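Both ligands and their constituent atoms are indexed starting at 1 by order of listing. Just so it is clear, the structure is predicted and the values come from calculations on it, not from any experiment. Index from 1, following the sequence.
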Amino acid sequence: MNLEIFFEIHQGLPREGPGNFESTQRAYSLLTDLPPQPLILDLGCGPGMQTFHLLELSNGKIIAVDNHQPFLEQLYQEAVRKGVQDRVEVVNADMSALEFNPNSFDLIWAEGSAYSIGFKNALRCWKPLLKDKGYLAATEISWICSNPPEELKQFWAEEYPQMQDIESNLTLINQAGYRLVDYFVLPELAWWVNYYTPLEQKLITLSQKYQDNAEKLAVIELHQREIDLYRQYSADYGYVFYLLQV
Ligand SMILES: C[S@@+](CC[C@H](N)C(=O)[O-])C[C@H]1O[C@@H](n2cnc3c(N)ncnc32)[C@H](O)[C@@H]1O
C-alpha cells in the first residue's frame, strides 16, 4: 500500500478507530479492583482521544505508546493544551516488543490497536507487563453473526484474516490465561461520530485532489469500501470491548 496517502488520509482525524466516551466509560467502570491512582499503559494510542477520556475517568498516570510519531506529537500538544502533561508520557515503541519491566501496570488499554499485531499475539505479549490482578481492556473487531455474507467475509479475509467471532475470542482469552470480566459490543454511533464520518469527509476531498493518481485513488477507494460495507452490514460484525484480568 502507498503509505504516503495512507498517512495523509489518517493524519488529523479525531480518532483512528471506532470508540467514544460512553464506551470507554462503560469499560472503565467494569474494572472494579483498580487502585485509586492506577498506572495505565495505552497501547496504539493514535491521536489519543481515549487517552484523554481515561485521564478524565481515572486519577492515574498514562504511558501512551504508538509507533507513528505524528500521532504522539498530536497527543502531547493536546495534553499541554489541556494542562495534563504531567499525567501523560508518550513513548514511540513497537507494541509487540515493549521494554517495560514485567509486573509494571495496573491496566493496559488498547482501543482498536491489538489487531495490528494480531489479537492472540497481543494477549500473549502484554500479559507479563500487568501486575497481579491487573486488567487488560481491549477492543477487537469481531463477527457478531454466525454466517456473514460472502462479500463481507472476502473483504475481511484480505484486510484482517485473523478476525474471529466472539466465542473464538473468548477461547483465545481463556487459553492465554486471563479471567473474563465482561464484554460488550460498541454501539454503531461509536463507529460513525468520531471515526467514519470525518474519515469519509476526508476521502471525498482527497479523491478530488488525487483524481489523476491511480495508485492513491486505489487506497482511498479501499477505505471507502470499508465504510460502505459497514453501512450495509453493521449487524454482522462490530468492535467488541473485552475486559480481562490476570
Ligand atoms: C486503529 S488505530 C487506533 C488508535 C486509537 N487507539 C483510537 O482508537 O483512536 C491503531 C494505532 O496503533 C498504532 N500501531 C499499529 N501498529 C503498531 C505497533 N506495532 N506498535 C505501536 N503502535 C502501533 C497505529 O499507529 C495507530 O495509531
Side-chain angles (χ1 to χ4, degrees), residues 1 3-28 40-57 62-79 88-100 105 107-126 129 136-142 156 159-160 162-163 185-200 202 219 222-223 226-227 230 237-243:
M1 183 182 292
L3 283 183
E4 202 182 294
I5 183 67
F6 180 85
F7 285 121
E8 188 171 353
I9 291 170
H10 285 276
Q11 195 55 40
L13 295 173
R15 284 196 81 107
E16 283 297 315
N20 61 9
F21 179 76
E22 290 71 23
S23 303
T24 300
Q25 183 179 40
R26 179 173 170 190
Y28 191 80
I40 303 171
L41 182 63
D42 183 6
L43 293 177
C45 57
M49 186 180 275
Q50 75 293 320
T51 319
F52 295 108
H53 291 160
L54 279 174
L55 283 173
E56 214 175 309
L57 293 164
I62 301 185
I63 298 180
V65 173
D66 207 282
N67 63 356
H68 185 56
Q69 187 64 25
F71 288 154
L72 296 175
E73 282 162 19
Q74 186 179 340
L75 193 161
Y76 191 72
Q77 278 165 17
E78 183 62 8
V88 198
E89 186 185 334
V90 295
V91 174
N92 189 329
D94 178 351
M95 62 187 170
S96 65
L98 295 167
E99 290 179 355
F100 301 108
F105 295 96
L107 172 59
I108 294 178
W109 203 267
E111 286 199 44
S113 57
Y115 84 94
S116 314
I117 62 168
F119 189 57
K120 182 178 177 184
N121 186 33
L123 291 171
R124 186 185 58 78
C125 290
W126 298 345
L129 301 176
L136 169 60
T139 61
E140 169 76 351
I141 193 166
S142 312
W156 284 108
E159 293 306 307
Y160 185 39
Q162 290 134 295
M163 182 166 157
V185 179
L186 265 64
E188 286 183 30
L189 266 183
W191 290 67
W192 291 110
V193 177
N194 297 317
Y195 187 46
Y196 275 169
T197 302
L199 176 61
E200 199 166 30
K202 202 149 182 208
V219 178
L222 182 65
H223 282 76
E226 183 189 315
I227 296 173
Y230 185 70
Y237 64 116
Y239 255 91
V240 178
F241 229 127
Y242 296 97
L243 291 323

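Using modelled atom types, one finds a donor on one side chain and an acceptor on the other under 3.5 Å when comparing Q69 with E73.
Under 4.0 Å from ligand 1, not a single heavy atom of Y195 appears. With a 4.0 Å heavy-atom cut-off, ligand 1 is reached by the backbone of C45 but not by any atom from C-beta on. By the criterion of a heavy-atom distance under 4.0 Å, the backbone of A93, and not its side chain, is placed next to ligand 1.
The aromatic rings of Y196 and W191 lie tilted to each other, with the angle between the two planes from 30° to 60°. Ring planes of F7 and H68: parallel class, angle under 30° (limits at 30 and 60°). Taking the six-membered ring for Trp and thresholds of 30 and 60 degrees, F21 and H53 have ring planes more than 60 degrees apart, a perpendicular arrangement.
The protein heavy atom nearest to atom 9 (O) of ligand 1 is E16 N, 2.8 Å. Annotation: atom 8 (O) of ligand 1 to nearest protein heavy atom, R15 NH2, 3.0 Å. For atom 10 (C) of ligand 1, the closest heavy atom belonging to the protein is G112 O, 3.6 Å. Atom 20 (N) of ligand 1 has M95 N, 2.9 Å as its closest protein atom, hydrogens excluded (heavy atom only). Scanning all protein heavy atoms for the shortest distance to atom 3 (C) of ligand 1 gives E111 O, 3.6 Å. Among all non-hydrogen protein atoms, the one lying nearest atom 17 (C) of ligand 1 is N67 ND2, 3.4 Å.
The contact set between ligand 1 and H68, taken as ligand atoms under 4.0 Å from a residue heavy atom, comprises 25 (O). Numbered from 1 in the order shown, with element, the atoms of ligand 1 that lie under 4.0 Å from a heavy atom of D94 read 18 (C), 19 (N), 20 (N).
Taking all heavy atoms of A190, A97, S116, G19 into account, the minimum distance to atom 15 (C) of ligand 1 is reached by S116.
Residue contacts with ligand 1 include D66, since one or more of its heavy atoms lies under 4.0 Å from the ligand. Using a 4.0 Å heavy-atom cutoff, Q50 is listed among the residues neighbouring ligand 1.
Backbone and side-chain nitrogen or oxygen atoms of G44 are examined, and one is located within less than 3.5 angstrom of a nitrogen or oxygen of ligand 1.
For Y28, there are no ring-ring contact (aromatic ring centres under 6.0 Å, His included) partners, not counting sequence neighbours. For L222, the side chain to side chain contact (heavy atoms under 4.5 Å, CB included) partners two or more places apart in sequence, or in a different chain, are M1, F155, E159.
A donor-acceptor distance shorter than 3.5 angstrom exists from the side chain of Q50 to the backbone of C45, with no hydrogens or angles considered.
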Practice task
Check the pair Y239 / S23 against side-chain contact (heavy atoms from CB on, under 4.5 Å), numbers first and verdict last.
Solution key: CA-CA 11 Å; Y239 255 91; S23 303; over 6 Å; no

